[in-house]
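Data block below; observations after.
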Amino acid sequence: PVPQTVTLVLIVRTSASTIPKGTVAGYRWGGDDRLRPVGEAGRVMFTDAPTGKVTLLARAPGYEPIEQQRYLTGGVPTDAILTLEPRKKP
């Protein structure tokens, strides 16, 4: 049988040399956001991400949030880099 979950590693990047405190990343599936704080290297791992179409998410203070569509295949670990851009000043 095809696995119903997959390992998903998200790597958040910014223009700064460090990742801001409060940065989170994760995915939206079935209308629910599943977000976790990222580590100092901007990395977060989910070992039970669902297979199929998901929206990858990343948010950080002072940066525009990002959403990216991705199709996750069962049994195939997925890495994704999400690059945040500084929030534009009004």
Side-chain angles (χ1 to χ4, degrees):
V2 177
Q4 298 300 306
T5 60
V6 64
T7 297
L8 172 63
V9 176
L10 299 176
I11 302 157
V12 178
R13 298 282 184 249
T14 68
S15 55
S17 58
T18 59
I19 301 298
K21 287 188 187 299
T23 300
V24 294
Y27 60 88
R28 179 179 302 130
W29 184 74
D32 295 322
D33 289 358
R34 186 159 177 219
L35 298 168
R36 292 184 182 162
V38 301
E40 287 183 21
R43 188 174 183 273
V44 65
M45 181 169 67
F46 295 86
T47 57
D48 58 351
T51 57
K53 185 177 174 182
V54 299
T55 301
L56 306 180
L57 309 166
R59 299 182 185 131
Y63 289 82
E64 295 292 334
I66 188 170
E67 297 187 4
Q68 200 177 87
Q69 300 291 318
R70 187 64 65 97
Y71 190 88
L72 305 180
T73 303
V76 180
T78 300
D79 290 5
I81 296 173
L82 301 171
T83 303
L84 295 171
E85 298 293 331
R87 186 166 282 142
K88 293 175 178 49
K89 297 186 173 147

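Computed from a predicted structure; not experimentally measured. All heavy atoms count here, side chains included; hydrogens, waters and symmetry mates do not.
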Next on the checklist: How close do Leu35 and Gly26 get, counting heavy atoms only, and between which atoms?
Outcome noted: CD2-N, 3.6 Å
Checklist entry - Can you check side chain to side chain contact (heavy atoms under 4.5 Å, CB included) on Arg43 and Val9, steps first, answer last? => result CA-CA 7 Å; Arg43 188 174 183 273; Val9 176; 3.7 Å; yes
Checklist entry - Atom CG in Leu82, atom CD1 in Ile66: separation rounded to 0.5 Å? => result 5.5 Å
Next on the checklist: With a 4.5 Å cut-off on side-chain heavy atoms, are Glu64 and Leu84 touching?
Outcome noted: no
Next on the checklist: Less than 4.5 Å apart, side chain to side chain, heavy atoms only: is that true for Val38 and Val24?
Outcome noted: no
Item to check | Close side-chain approach of Arg59 to Thr23, heavy-atom, < 4.5 Å | outcome: no
Checklist entry - What distance do Asp48 atom CG and Gln4 atom CD have between them, rounded to the nearest 0.5 Å? => result 13.0 Å
Checklist entry - Cluster question for you: counting only ILVMFWY and a side-chain heavy-atom cut-off of under 4.5 Å, with indirect links fine, are Val6 and Leu57 together? => result no
Item to check | Shortest non-hydrogen contact between Thr5 and Thr47, atoms and distance | outcome: OG1-O, 4.3 Å
Checklist outcome for this item: Taking every heavy atom of Thr14 against every heavy atom of Pro20, the minimum-distance pair comes out as CG2-CD, 4.2 Å
Next on the checklist: Determine whether Val54 and Arg28 satisfy the following criterion, side chain to side chain contact (heavy atoms under 4.5 Å, CB included), listing intermediate values before the conclusion.
Outcome noted: CA-CA 6 Å; Val54 299; Arg28 179 179 302 130; over 6 Å; no
Checklist entry - If you measure only the distance, is there a donor-acceptor pair under 3.5 Å linking the side chains of Tyr63 and Arg87? => result no
Checklist entry - Which atoms form the tightest heavy-atom contact between Ala25 and Phe46, and what is the distance? => result O-CZ, 3.8 Å
Checklist entry - Passes side chain to side chain contact (heavy atoms under 4.5 Å, CB included), Thr73 versus Thr51? Steps please. => result CA-CA 5 Å; Thr73 303; Thr51 57; over 6 Å; no
Item to check | Any donor-acceptor N or O pair under 3.5 Å, side chains Glu67, Thr55 | outcome: no
Checklist entry - Less than 4.5 Å apart, any side-chain heavy atom of Leu8 and any of Leu56? => result yes
